[in-house]
Amino acid sequence: WDIVCDRLVLKANIQSMYYVGQMLGSLVFGFLGDRIGRKKVFMIAILLQIISGLGMVVAPFWFLYALFRIGVGFTHPGIFVIANVIGVELVGPSKRKLASIVTGAFFALGQAILGVAAYFIRDYRILHLVIALPTFLFLSYWWLVPESARWLVFQRKYSKADVVLRRAAKVNKASIPENWWEHIETNTDTSSEEKIDKAVKKYNFLDLFKTPKIRKYSFAAFFCWPVVSMVYYGVSMNTNFLGGDIYSTFIIGALVEIPAILFVFVAIDRIGRKLLLAGGYTIAAICLLSNLLISKDAHYLIAMVQFVLTKAAIGCTYATLYAFTPELFPTVIRNIAMGCFSMMARIGAISASFIAMWLVKEYGKMAMILPFSSLSLCAALIAMIFLPETAGKQLHDTIEDVENMTDERVIESQETKPLKLNDSPPASPIPKA
C-alpha cells in the first residue's frame, strides 16, 4: 500500500487503530462483564476476534485493514482482562498469583511464536491467517471454563454457583454443606441480606471516585496503567531502536519475559506487589537511560542487553500490575475497574505507536528514551506512595469492605478448610471449596 516516505505516518495510524479498539473494548466489556457475566463476555470476544482476524486477511484497502485492526483490538480486553478476572475470582489468596501471573508466560510465548512465524512467512496475508485460525480452538472454552462463582453468588444465581463450587470441591476432595446459600454469614454490623442487596445493585465507573480509598487507588492506577502500556508496547513495536536485528530482538525480547514472569511468580508474595511494581518501573527506566551513555560505534550486543533488560523489567511490571490491580478493588466493581484501567492503558499504547513507528524515524531514539524513562520513574514513585500491599489478603466483595479494611493477612490454613455452619463468619460470603 506504499506506506513509506511521506506516507510513513499511516503506519503509526494503522497500528494505533488496534489500541483504539482496545480502548473501546475496555469500556464495553468492562461494563458487560459485571452485568451479564464474565464467561459470556469472554465468548463474545472470542467470536469477534475470529471474524476480525480473518477480515484482515482479505481486506483489499489499508483503511479496511485498519478497521479490522480496530475489531481485533476491541476483543483484547474481553479475552485477556476478563480471563484474568475469572482466574482471580475462582481461587483463594495463595493461588491468585498463579491465576494472574503465569498467564503472562503464555502471552510471551505467543509473542515468540509470532516472531518466528513472521521470520519465515513474509506474506502478511498468510501470516494473519496462520495466527487467526488457532482462535477457533478457544470456542471449546464454553464447556471448559466455568463462570465466576463469586459473581454468580453476588447476582443471587445460587444454583449455578453451586454447580461450580461442587465441581471445585470434588476436584479438591473437600466438602460444602447443602443449601449453603441459606447460611451465608457476614460481618456482625451488616446483615447478609443487606450485603447481597448491595452486590445486586448496578454499579458504574463513577463508583471508582465516590469513596476516599478507592478514589486514591483509582487515580494511582489511572497513571500506572498507561505508562506500563506505553513502555511495553513501545519497545515491543520497535525492538531494534537501541540496535540489533528486528526479528532477533523481537523473539529474544519475548522469550526473556518468560523467566522474568517466573521471577514475579516466585517473588511476588515474598517481596510484595507494591515493591515489585515500583522496582520494575525503575529498572526499565535505568536501562533505557543507560543507552545514552554508550557511543554510536559500540558493539550492538551492548544495546541488545539493554533492550532485553528493559523488556524483562517492563514485562515483570505488567505481570505484577495484572495481579495487583484486581486485588485493590471489590467484586462489585472489579471488572468495571479493570475495564477502565485497560482503557486508559490504551492511551499509552496509542502514544507508543506514534513514538515508536514515526517519531523515532524522524528524531532518533531520544524520542523514546526520554518520555519512557521519565514517566516510568514517576509511576514507580506513585505506586510506592499511594497503593497498599495486598499480598496474602482476602479479596473484598463490597466498596464498604475496602474502605473499612485492615492490614491483617489471610491465614492460609483457613483457605481450603471445609465450611461448617457453626464456624465463625468467613471474610467472604462465598464458601471456599
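Everything numeric here is computed off the predicted structure, so don't read it as measured data. Here, residue 1 is the first one in the sequence, and each next residue gets the next number.
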> Any donor-acceptor pair under 3.5 Å linking the side chain of Glu403 with the backbone of Lys213?
yes

> To the nearest 0.5 Å, what is the distance between OG (Ser229) and CD1 (Ile350)?
9.0 Å

> Check whether Arg69 reaches the backbone of Met17 with its side chain - one donor and one acceptor, N or O, closer than 3.5 Å.
no

> Cut-off 3.5 Å, side chains only: do Thr325 and Trp225 have a donor facing an acceptor?
yes

> Rounded to the nearest 0.5 Å, what separates atom CD1 in Ile271 from atom CG in Leu277?
12.0 Å

> In chain order, what residues pass the side-chain contact (heavy atoms from CB on, under 4.5 Å) check against Tyr141, with sequence neighbours excluded?
Phe42, Met43, Phe138, Leu144, Val145

> State, with a plain yes or no, whether a side-chain heavy atom of Lys210 is found less than 4.5 Å away from one of Leu206.
yes

> Anything under 30° is parallel, anything over 60° is perpendicular, the rest tilted; go ahead and classify Phe219 against Phe209.
tilted

> Output the distance between atom CD1 (Ile268) and atom CG (Leu275), rounded to the nearest 0.5 Å.
11.0 Å

> Is there a side-chain contact between Met368 and Met230 in this structure, where contact means two heavy atoms from C-beta onward sitting under 4.5 Å apart?
no

> Report yes if the side chains of Thr317 and Leu321 come closer than 4.5 Å at any heavy-atom pair, otherwise no.
no

> Just by distance, with hydrogens left out, do Ser218 and Arg215 show a side-chain donor and acceptor under 3.5 Å apart?
no

> I'd like to check Val305 versus Val308 (side-chain heavy atoms, cut-off strictly below 4.5 Å). Are they in contact?
no

> Restricting to salt bridge (charged side-chain N to carboxylate O under 4.0 Å, His left out), what partner residues turn up for Glu327, sequence neighbours left out?
Arg96, Arg273

> Tell me if a side-chain donor or acceptor on Arg334 pairs with a main-chain N or O of His396 at a distance below 3.5 Å.
yes

> Within a strict 4.5 Å, meaning less than it, do heavy atoms of the Phe329 and Leu208 side chains meet?
yes

> Using the rule given for side-chain contact (heavy atoms from CB on, under 4.5 Å), can you reason through Ser248 versus Tyr119, listing the C-alpha separation, both sets of side-chain angles and the distance that settles it, and then say yes or no?
CA-CA 9 Å; Ser248 61; Tyr119 181 81; over 6 Å; no

> Flag this pair as yes if the NZ/CZ of Lys274 is under 6.0 angstrom from the six-membered ring centre of Phe386 and inside a 45 degree cone about the axis; otherwise no.
no

> Looking only at atom types and distance, does a side-chain atom of Thr135 sit under 3.5 Å from a main-chain N or O of Ala132, one as donor and one as acceptor?
yes

> Would you check if there is a donor-acceptor pair between the side chains of Gln15 and Tyr233 at a distance under 3.5 Å?
no

> Does Arg122 CZ have over 12 foreign heavy atoms under 6.0 Å away?
yes

> Report the distance from atom CG of Leu377 to atom CD1 of Ile286, rounding to the nearest 0.5 Å.
7.0 Å

> Of all heavy-atom pairs between Trp142 and Lys39, which one has the smallest distance, and what is that distance?
O-NZ, 2.6 Å

> I want to check something: taking the side chain as every heavy atom from C-beta on, are Phe324 and Leu276 in contact at a cut-off of under 4.5 Å?
no

> Out of curiosity, Trp62 CH2 to Ile14 CD1, how far, rounded to the nearest 0.5 Å?
6.0 Å

> Give a yes or no on whether the backbone of Thr398 and the side-chain of Asp401 come within a donor-acceptor separation of less than 3.5 Å.
yes

> To the nearest 0.5 Å, what is the distance between OG1 on Thr331 and CD1 on Ile399?
11.0 Å

> Mind checking side-chain contact (heavy atoms from CB on, under 4.5 Å) for Ile36 and listing every partner two or more places apart, or none if nothing turns up?
Leu32, Lys40, Val41, Ile44

> Show the nearest heavy-atom pair for residues Ile382 and Cys224, with the distance to one decimal.
CG2-SG, 4.5 Å

> Do Cys316 and Val264 come close enough that some side-chain heavy atom pair is under 4.5 Å?
yes

> Assert yes or no for the condition that the ring centre distance of Phe107 to Tyr318 is strictly below 6.0 Å.
no

> Using 30° and 60° as the class boundaries, would you call the ring planes of Phe61 and Phe63 parallel, tilted or perpendicular?
parallel

> Can you see which heavy atom on Ser236 is nearest to which on Gln111, and at what distance?
OG-OE1, 4.1 Å

> Looking only at the side chains, is there a donor atom on one of His128 and Tyr65 sitting less than 3.5 Å from an acceptor on the other?
yes

> Over all heavy atoms of both residues, which pair between Tyr281 and Ser376 is shortest? Give the atoms and the distance, please.
CB-O, 3.3 Å

> Please find the pair of heavy atoms, one from Trp1 and one from Pro60, that lie closest to each other, and give the distance.
NE1-O, 3.5 Å

> Of all the heavy-atom pairs spanning Val57 and Arg125, show the shortest one and how long it is.
O-NH1, 2.7 Å

> Check Glu147 with Lys160, please: is the shortest side-chain N to carboxylate O separation under 4.0 Å?
no

> Measure from the side-chain N and O atoms of Asp162 to the backbone N and O of Tyr158, and report whether any donor-acceptor pair falls under 3.5 Å.
no

> Distance to the ring centre below 6.0 angstrom and angle to the axis at most 45 degrees; does that hold for Lys11 and Trp358?
no

